[in-house]
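Working notes, beginning with the structure itself.
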Amino acid sequence: MDLPSTSSQSPLQTIAVVGLGTMGTGIAEVLARAGREVIGIDISDTATRRATASLAAATARSVTRERLTEQEREGVLARFRTFTELTAAADADLVIEVVPENYEVKQRLFRELDAIVRPGTILATGTNALSVTRLAAESQRPERVLGLHFFNPAPAMKLVEVVSSVLTAPTAVEAVTVLARELGKEPVSVGDRPGFVADGLLFGYLNQAAAMYESKYASREDIDAAMRLGCGLPMGPLALLDLIGVDTARTVLEAMYSSSGDRLHAPAPILGHLAEAGLTGQKSGRGFYTYEEPGSSTIVRDAQTPLDGARLGEGRPVASVGVAGSGTMASGIAQVFAQAGFAVVLAARSQEKADAAKAAIGKSLGRAVSKGRLTEEGAAQTLALITPAGSLDAFADVDLAVEAVAEDLAVKQELFAALDKVCKPGAVLATTTSSLPVIAVARVTSRPQDVIGMHFFNPAPAMKLVEVVRTVLTSDDVHATVREICTKVRKHPVDCGDRAGFIVNALLFPYLNNAVKMVEQHYASLDDIDAAMKLGGGYPMGPFELLDVVGLDVSLAIEKVLHKEFRDPGLAPSPLLEHLVAAGCLGRKTGRGFREYARR
């Protein structure tokens, strides 16, 4: 049922919501469903009627789905009353404002509320970009002013950031925290800084994605697909910017930049250009993408949309594949190719290591069989296509050689020099590096035109993404070959140039680094940051969970590469991350990283 127990302990029973746009209407719905008397206020008659209709439709759906009875629905609707005059808030225990993100508008509203509400009434701002402290300081009741930041859509999203300033009374914070829990939300307590936790991390990432697109490094479709498939995110960053509103994102980033001075928060110029042209995203019908109509979420074809089935030209024929390495990534890639019907040579530094890698593939296939994802016959056929070898000499006849050895440039260069001597003319040579320059590997060979990046994600059999990385010397037919191969092995290829981090790591690791800096500055706890990003951003894992899984040493190495290449002070690795790595606290693999883990 939507309704909680009526034995509520919160003193906040009558709540006014000022501003009945999408967010205000959603908050009003949450409150009314939870048994609160809700006073909806908007200067627009149209907005109040729309909010009432929205609540009626939402509760009708709940009755249809048997989440509410008709009697309960009538109670919810009766608890929601709308007004166009602010004086209607006079009897409220709590006022939540969700008016436009403009300081003068909010300041004027708070000044008017000061003269209307009771002395004990709490005033909450729904801002995610403006200073709560500044709004509080100019109020007649600064100790009763705080931030209450819901996420859109409010009925569905569990996170609520409770924002206190240095002026806020602890009793006010406690009262709204209790309320948030009674609403079925997860309150996270944060201090007053632009973006707070979730948006503070999210908008920096979105800004970098916009800048990446603006630089023509990758297409909007490839950037979005890379982050969805490579990180498990519900939406790509450019589609998310269109949903949030390009103008809103720019406002938040301006506030963040004025506070932090971090260039990573300086709004990408394209955000300003789109906003000034009125191309603000879904609400206007066009932003990074073009939509069916204003307010629609349906993307339609435009001049930038790739042509269906467009060919890149003829690729080279590939019947056999060599995979160099014996670790998890190498065995995973070998399994991917064999399952797609390719003959695979799996070469390691010794026959023993190669045999062990093939045995690991056998166990992986066995797990797939036990879960019903593969037949025993299919597993046997896949395993039979893999030939383990103790030397790269076995690559003499392969059409495609893929290396998956240690992420060390000298090691990869030595291996590619060997491949250059062993592999036949015309063979495609691919590196799975996630952070090293592909051109530096290509240049040790006599055929740099045949070398390309083919960055699989771990675990390779499960992850759908492959970043296809061309150097300035990679030939067109080699690029076409790898794109075709990706499709044949049921992976989604995205094109990017040869620069540090490619797409995914270039966007992911600055976000992770900023999360570490938040903890380092004692702004929020590990648990609160992880909860904020999972509940507010839809991330499958919080940043500290992910760092401990990836490995703090691996993360630090990637961040150092990004910092060295882009020379941006904001990309400098957090000292806390460096200290943990120096102490041998590398994450789950050592039993301790940002958190401690039980030893296996």
Side-chain angles (χ1 to χ4, degrees), residues 8 10-34 36-42 89 92-101 103 105-107 109-110 113-114 117 120-137 139 141-200 252 255 524 528 531-532 535-536:
S8 167
S10 171
L12 308 176
Q13 296 297 316
T14 301
I15 300 169
V17 178
V18 183
L20 294 177
T22 303
M23 179 61 83
T25 299
I27 294 170
E29 178 184 336
V30 171
L31 292 165
R33 283 178 181 265
R36 278 14 183 221
E37 293 294 327
V38 184
I39 300 164
I41 303 172
D42 198 293
D93 303 313
L94 166 68
V95 180
I96 304 171
E97 70 78 12
V98 208
V99 299
E101 198 73 344
Y103 181 77
V105 171
K106 292 183 188 289
Q107 181 193 41
L109 174 63
F110 271 66
L113 286 169
D114 274 335
V117 300
T121 298
I122 297 172
L123 302 182
T125 172
T127 185
N128 66 341
L130 304 177
S131 170
V132 176
T133 305
R134 187 177 168 196
L135 285 169
S139 165
R141 61 188 79 214
E143 75 285 355
R144 310 292 289 173
V145 176
L146 45 70
L148 201 54
H149 181 214
F150 288 79
F151 287 74
N152 203 18
M157 300 296 279
K158 290 291 186 183
L159 181 67
V160 174
E161 291 177 318
V162 179
V163 189
S164 54
S165 76
V166 292
L167 303 169
T168 310
T171 51
V173 174
E174 177 62 19
V176 297
T177 300
V178 170
L179 172 67
R181 291 199 183 99
E182 290 176 357
L183 298 178
K185 302 300 184 184
E186 294 284 345
V188 170
S189 180
V190 298
D192 182 23
R193 67 187 248 181
F196 312 129
V197 172
D199 286 352
V252 174
D528 280 351
L535 298 173

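Treat the numbers as computed from the prediction; the structure is a model and nothing was measured. Every heavy atom of this structure was used, including side-chain atoms; hydrogens, water molecules and symmetry mates were not.
Under the salt bridge (Lys or Arg N to Asp or Glu O under 4.0 Å) criterion, the residue pairs touching residues 18-29 are E29-R33, with sequence neighbours excluded. For residues 150-169, every residue pair satisfying the ring-ring contact (aromatic ring centres under 6.0 Å, His included) rule, not counting sequence neighbours, is listed here: H149-F151. For the ring-ring contact (aromatic ring centres under 6.0 Å, His included) condition, no pair includes a residue of residues 160-180, sequence neighbours left out.
Within the 4.5 Å cutoff, side-chain heavy atoms of L123 are placed close to those of D114. With contacts defined as side-chain heavy-atom distances shorter than 4.5 Å, the pair E97/T125 qualifies. The side-chain heavy atoms of I96 and I15, taken from C-beta on, include a pair separated by under 4.5 Å. Side-chain contact check for L109 versus L113: some heavy-atom pair is nearer than 4.5 Å. Within the 4.5 Å cutoff, no side-chain heavy atoms of R134 are placed close to those of D192.
Nearest heavy-atom pair, G21 versus D42, reported as atom, atom and distance to 0.1 Å: N-OD2, 4.4 Å. Considering every non-hydrogen atom in both P11 and D93, the closest pair reads O-OD2, 3.5 Å. A pairwise comparison of heavy atoms in P187 and V162 identifies CB-CG2, 4.1 Å as the closest pair. Of all the heavy atoms in V30 and K185, the pair that sits closest is CG1-CE, 4.0 Å. For the pair G191 and V163, the tightest heavy-atom approach, listed with the atom from each and the gap, is O-CG1, 3.5 Å. Between A175 and I122, the closest heavy-atom pair is CB-CD1, 4.0 Å.
Under the side chain to side chain contact (heavy atoms under 4.5 Å, CB included) test applied with R36, the options T14, L12, L179, L94 reduce to a single match, L179.
Side-chain atoms of T25 come within 3.5 Å of backbone atoms of L20 as a donor-acceptor pair (strictly under, hydrogens ignored). Side chain of E161 to main chain of V197: a donor-acceptor pair is present (N/O by atom type, distance under 3.5 Å, no hydrogens or angles).
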Could you go through residues 167-174 and list every donor-acceptor pair under 3.5 Å that involves a side-chain atom there, pairing it with any protein atom two or more places apart or in another chain?
residue : atom : partner : partner atom : Å
T168    : OG1  : V145    : O            : 3.1
T168    : OG1  : S165    : N            : 2.9
T168    : OG1  : S165    : OG           : 3.2

message: V18 vs V95, test: side-chain contact (heavy atoms from CB on, under 4.5 Å). Steps then yes/no.
response: CA-CA 7 Å; V18 183; V95 180; 3.7 Å; yes
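Rounding to the nearest 0.5 Å places CG of L146 at 11.5 Å from CG of L135.
Under the rule for a salt bridge (charged side-chain N to carboxylate O under 4.0 Å, His left out), R193 has no partner lying at least two apart in sequence or in another chain. The salt bridge (charged side-chain N to carboxylate O under 4.0 Å, His left out) test applied to E101 returns K106, not counting sequence neighbours.
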